[in-house]
Amino acid sequence: MDRHELPNIEAAELQPIDINALISATDPRHPPKILVLYGSLRTRSFSKLASEEASRLLRWYGCEVRTFDPTGLPLPDSTDADHPKVQELRELAAWSEGMLWVSPERHGSITSIMKAQIDWIPLSLGGIRPTQGKTLAIMQVSGGSQSFNTVNQLRILGRWMRMITMPNQSSIPKAFLEFDDNDRMLSSSLYQRVVDVCEELVKFTWLTRGRSAYLTDRYSERVESAEALSQRVNQKPI
């Protein structure tokens, strides 16, 4: 990503990630893989525009970024999980090492479109936990005054999905005033917070992805695995 694609950045203050300060010599060094989800189907969706602005920043920081388009995703439980859009979402979730969720606030809550995407990602799939130990950054856009209802709910969902959720967050009020006619976010303290969130997500992803398996290795699951093995080995002959 060319820095000139980020016209509102103070060039001297946009610093590359010091990878060696975050990882050991044996940690993976490929670009962090970030999945971006947004929560609206509107033609000019401000959650999508915010996600695109964040994606540009994430690419500048050296990430490989993929965005899921929720158009055509069925409601949870309305069809089987072999639906093409469900499979696409789950494959992207499995591919990712971190995620960015951007939702509008509607009636004081996240949108059903945002929730449907999260609900289609299972906690466990074939013995694999698609989200456990991965990093998560959260953002919201609002049509009115600033609110934190949606980011608070996204944070709860991130914990439920066993993700490492960033302490920082972004809430963009009156989002229709924050983007120009070219659908680029205007320079403001709100834009600076988006940069902060992206920078933090990249740093935490570099820091944790190489040791995610160890960080999420739990006593209770080791006991459960041992019991399951014991039952299988000691089962009576059929």
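In this chain, numbering begins with 1 at the start of the sequence shown.
- Using modelled atom types, no side-chain atom of Gln132 and backbone atom of Arg162 make a donor-acceptor pair closer than 3.5 Å.
- Side-chain atoms of Arg29 never come within 3.5 Å of backbone atoms of Ala25 as a donor-acceptor pair (strictly under, hydrogens ignored).
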- Task: Give the C-alpha distance, both sets of side-chain angles, the deciding distance and a yes or no for salt bridge (charged side-chain N to carboxylate O under 4.0 Å, His left out) between Glu5 and Arg56.
- Result: CA-CA 8 Å; Glu5 293 292 320; Arg56 294 184 186 97; 5.2 Å; no
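- Within the 4.5 Å cutoff, side-chain heavy atoms of Arg59 are placed close to those of Ser55.
- Residues Leu41 make up the rest of the hydrophobic cluster containing Ile113, defined by ILVMFWY side-chain heavy atoms closer than 4.5 Å, directly or through other members.
- Atom-to-atom distance recorded for Glu52:CD and Arg184:CZ is 9.5 Å, nearest 0.5 angstrom.
- Under the 3.5 Å distance criterion, with hydrogens and angles disregarded, no donor-acceptor pair is assigned to the side chains of Gln169 and Ser171.
- Checked by atom type and distance alone, the side chain of Ser45 pairs as donor or acceptor with a backbone atom of Lys48 at under 3.5 Å.
- In this structure, the side chains of Thr216 and Arg218 come closer than 4.5 Å at one or more pairs of heavy atoms.
- We find the CH2-OG1 distance between Trp101 and Thr150 to be 13.0 Å, quoted to the nearest 0.5 Å.
- Although no hydrogens or angles enter the test, the distance criterion places a donor-acceptor pair under 3.5 Å between the side chain of Trp120 and the main chain of Pro74.
- Taking every heavy atom of both residues into account, Ser47 and Val102 meet most closely at O-CG1, 3.5 Å.
- The shortest side-chain heavy-atom distance between Arg66 and Val36 does not fall under the 4.5 Å cut-off.
- For residues 177-201, the pairs satisfying ring pair (Phe, Tyr, Trp, His ring centres under 6.0 Å) are Phe46-Phe179, with sequence neighbours left out.
- Within the 3.5 Å criterion, the main-chain N or O of Thr71 finds a donor-acceptor partner in the side chain of Asp69.
- When atom types are taken as modelled, the side chain of Gln117 and the backbone of Tyr38 share a donor-acceptor pair closer than 3.5 angstrom.
- Here the CG atom belonging to Leu207 is positioned 11.0 Å from the CD atom belonging to Glu200, to the nearest 0.5 angstrom.
- In this model, a donor atom of one side chain and an acceptor atom of the other lie less than 3.5 Å apart for Thr135 and Thr205.
- Applying the ring pair (Phe, Tyr, Trp, His ring centres under 6.0 Å) test to residues at least two apart or on different chains, none of the pairs has a partner in residues 130-151.
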- Message: If you apply the rule salt bridge (charged side-chain N to carboxylate O under 4.0 Å, His left out), what do you find for Glu88 with Lys85, and how did you get there?
- Response: CA-CA 5 Å; Glu88 177 189 353; Lys85 290 297 290 188; 3.2 Å; yes
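- Sorted pairs that involve residues 132-154 and meet salt bridge (Lys or Arg N to Asp or Glu O under 4.0 Å), not counting sequence neighbours, are lacking altogether.
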- Message: Between Glu178 and Lys174, is the salt bridge (charged side-chain N to carboxylate O under 4.0 Å, His left out) condition met? List the steps.
- Response: CA-CA 7 Å; Glu178 297 301 325; Lys174 298 181 180 178; over 6 Å; no
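- For Glu105, the salt bridge (charged side-chain N to carboxylate O under 4.0 Å, His left out) test picks out no residue, with sequence neighbours left out.
- Panel note: side chain Arg209, backbone Gly98; no donor-acceptor pair is recorded below 3.5 Å.
- Residues satisfying the ring-ring contact (aromatic ring centres under 6.0 Å, His included) test with Phe68, not counting sequence neighbours, are none.
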